[in-house]
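To keep things clear, I will list the structure first and then write my remarks on it.
Order of the sequence lines sets the chain letters (A, B, ...), proteins ahead of strands, with each chain counted from 1. These values consider heavy atoms only, across backbone and side chains, with no hydrogens, waters or symmetry-generated copies.
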2 protein chains.
Amino acid sequence: MEKFVPILKKTKLFSGVGEDDIGKMLSCLDARLVTYKKGEYVIRQGERIADILILVEGSLHIQKDDYWGNRSILGQIGIGEIFGEAYAAPESGPVLNDVVAVEDSTVLFFDVNRVLSTCSSACRFHTMVVQNLFFAISEKNRGLVQKLQHMSRRTTREKLLSYLSEESKRQNSSSITIPFNRQQLADYLSVDRSAMSNELCKMRDEGLLVFEKNRFRLNQA
Amino acid sequence: MEKFVPILKKTKLFSGVGEDDIGKMLSCLDARLVTYKKGEYVIRQGERIADILILVEGSLHIQKDDYWGNRSILGQIGIGEIFGEAYAAPESGPVLNDVVAVEDSTVLFFDVNRVLSTCSSACRFHTMVVQNLFFAISEKNRGLVQKLQHMSRRTTREKLLSYLSEESKRQNSSSITIPFNRQQLADYLSVDRSAMSNELCKMRDEGLLVFEKNRFRLNQA
DNA sequence: ACAATTCGGTTGTATTTACAACAGAAAGGC
DNA sequence: GCCTTTCTGTTGTAAATACAACCGAATTGT
């Protein structure tokens with residue numbers, strides 16, 4: 001387990017904690033290492049978990065099969081990412097997604113109660129880990145709210161305006177650079193790429209904005 | 001401030017903590033009471049906050065004005081609800097929404113650092129409050145992910161199937177009762193009510209499901 | 001320099017949606 | 001019982017979207 005300490009040091013959960021202290025905390029947090037072969041399930045929809053998980057090796061997919069058997073990929077989990085934390089609460093109910101290894105993977109399980117209950121003074125940084133956990137889930141939360149705002153708009157144009165004007169506010173400038181290419185932006189907003197491209201050009205022709213690659217400038221109406 | 005202790009006792013943050021202990025914790029958590037007249041801003045877009053807020057009197061709206069001045073109401077905050085917690089992290093950046101009092105309101109501010117840093121032994125239930133906070137934001141998170149899954153579907157039919165099949169799994173039955181009427185369901189899924197109603201009837205005619213009011217039964221294909 | 005790949009824009013069509021307007025059923029108040 | 005309001009379903013039309021197919025430009029790898 002100790003060989004993963006350098007990876008853990010880079011995670012959001014252990015941000016600010018030294019490698020020596022991480023090593024000491026592993027037993028305190030009841031850390032368990034589990035390996036999965038490609039294709040195996042880390043979490044199955046319907047399960048109940050009381051752990052916070054960190055991927056330390058490999059790659060995972062969050063996916064969902066609906067009542068009629070259609071599968072959709074909701075996201076990917078990379079090395080160092082925290083997951084499962086939203087279902088660690090006792091009243092959370094069962095997990096609603098499957099988490100599957102897309103290559104041979106290794107996952108570290110932490111008992112959520114051990115994490116949340118500050119223990120003996122041996123863990124100097126326990127309080128910091130609790131804060132880190134809170135901040136990490138807060139960050140997820142903010143991202144979800146943002147995306148929800150854009151996606152709740154009805155038309156492609158409105159979704160674009162919602163996203164671009166928010167980015168403009170966030171970057172505090174009418175000239176912004178976005179972290180997506182066209183396909184990624186379309187996926188992010190859940191619209192068709194070509195339709196979105198079409199709409200962007202219409203908006204440019206109407207003078208709402210100008211763009212070049214992933215740089216945009218918004219114009220006042 | 002003490003007159004709000006009975007209200008606080010019912011909140012998710014202080015769940016499981018007695019009134020006497022809540023009273024003692026208020027100073028420990030650096031609680032501050034602020035009143036707002038109808039129309040005043042509790043939080044302005046662009047501000048940075050380092051507090052967790054609880055509404056103890058009145059009613060608030062979360063709203064957003066985009067770059068071109070269009071306003072949209074994102075949600076309502078009722079008495080006892082926690083808010084602001086997602087922006088309490090130091091690296092969270094500025095708040096992206098306005099929070100406005102829609103009637104005369106009273107808000108309790110808690111310093112997030114006091115909440116997250118377990119204090120002296122005087123606060124027996126401090127650990128419990130930290131857990132409650134974590135569970136509360138987890139719950140918000142789960143709701144957001146669920147909604148996002150439904151909204152990311154392209155057609156009204158797919159959104160309905162996504163929502164209904166998830167409810168079916170959650171209620172562990174093919175016969176489910178939903179907490180929405182038609183208009184609320186349409187708002188939840190961000191679609192047009194009449195179009196959704198139309199689509200529901202088509203699905204019924206095709207034998208996918210049957211419904212009466214807010215009760216639905218899904219059929220295997 | 002060249003080939004292969006990715007990326008972004010354009011177009012046409014079938015599908016789907018939003019919107020408005022309307023009507024019957026159900027629920028609630030008096 | 002009667003009126004009013006809310007809820008739900010229906011229809012038609014204009015608008016927007018998804019999808020597929022295509023093309024040229026830019027990028028990448030060799």
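Atom C1' of nucleotide C:dG9 and atom CE of A:Met196 are separated by 11 Å, given to the nearest angstrom. Whole-Å rounding puts the A:Arg215 CZ to C:dG8 P distance at 15 Å. Atom CG in A:Asn198 sits about 14 Å away from atom C1' in D:dC22, given to the nearest Å. Regarding A:Arg153, its CZ atom lies at a distance of 18 Å from the C1' atom of C:dT17, rounded to whole Å. When rounded to the nearest whole Å, the span between CZ of A:Arg157 and P of C:dA18 equals 17 Å. One atom, CD of B:Glu199, and another, P of D:dT11, lie 14 Å apart when rounded to the nearest Å. The CD-P distance, from B:Glu158 to D:dT17, rounds to 16 Å in whole Å. C:dG9 atom P lies 11 Å from atom CG of A:Asp205, rounded to whole Å.
Donor-acceptor pairing under 3.5 Å is recorded for the side chains of B:Thr177 and B:Arg215. For B:Asn97 and A:Gln149, the side-chain atoms include at least one donor-acceptor pair closer than 3.5 Å.
Legend: residues meeting side chain to side chain contact (heavy atoms under 4.5 Å, CB included) with A:Arg204, ordered by chain and number and at least two apart, are A:Cys201, A:Leu209, A:Phe211.
Looking at which nucleotide of DNA chain C each of A:Thr155 and A:Arg193 is closest to, the 5′-most match is held by A:Arg193.
For A:Glu199 and A:Lys159, the salt-bridge test fails: no basic side-chain N is under 4.0 Å from an acidic carboxylate O.
Across all strands shown, A:Ser194 has heavy atoms under 4.0 Å from base atoms, whether or not it also approaches the sugar-phosphate. If you check every strand for non-hydrogen atoms under 4.0 Å, A:Ser197 touches a base. The residue A:Phe211 sits close only to the backbone: its heavy atoms come under 4.0 Å of sugar-phosphate atoms, none of a base. B:Asp192 comes within 4.0 angstrom of a nucleotide base, judged by non-hydrogen atoms across all strands.
Phosphate proximity of D:dA26 to A:Lys213: absent, as no side-chain N or O sits under 4.0 Å from OP1 or OP2. For D:dG9, the OP1/OP2 oxygens have a side-chain nitrogen or oxygen of B:Arg182 closer than 4.0 Å.
Each of D:dA18, C:dT10, C:dC19 was ranked by its minimum atom distance to the side chain of B:Arg154; first place goes to D:dA18. Here the side chain of B:Asn181 is nearest to one of C:dT10, D:dT8, D:dT17, namely D:dT8.
Taken from CG in B:Leu26 to CG in B:Leu108, the straight-line distance is 6.5 Å, to the nearest 0.5 Å.
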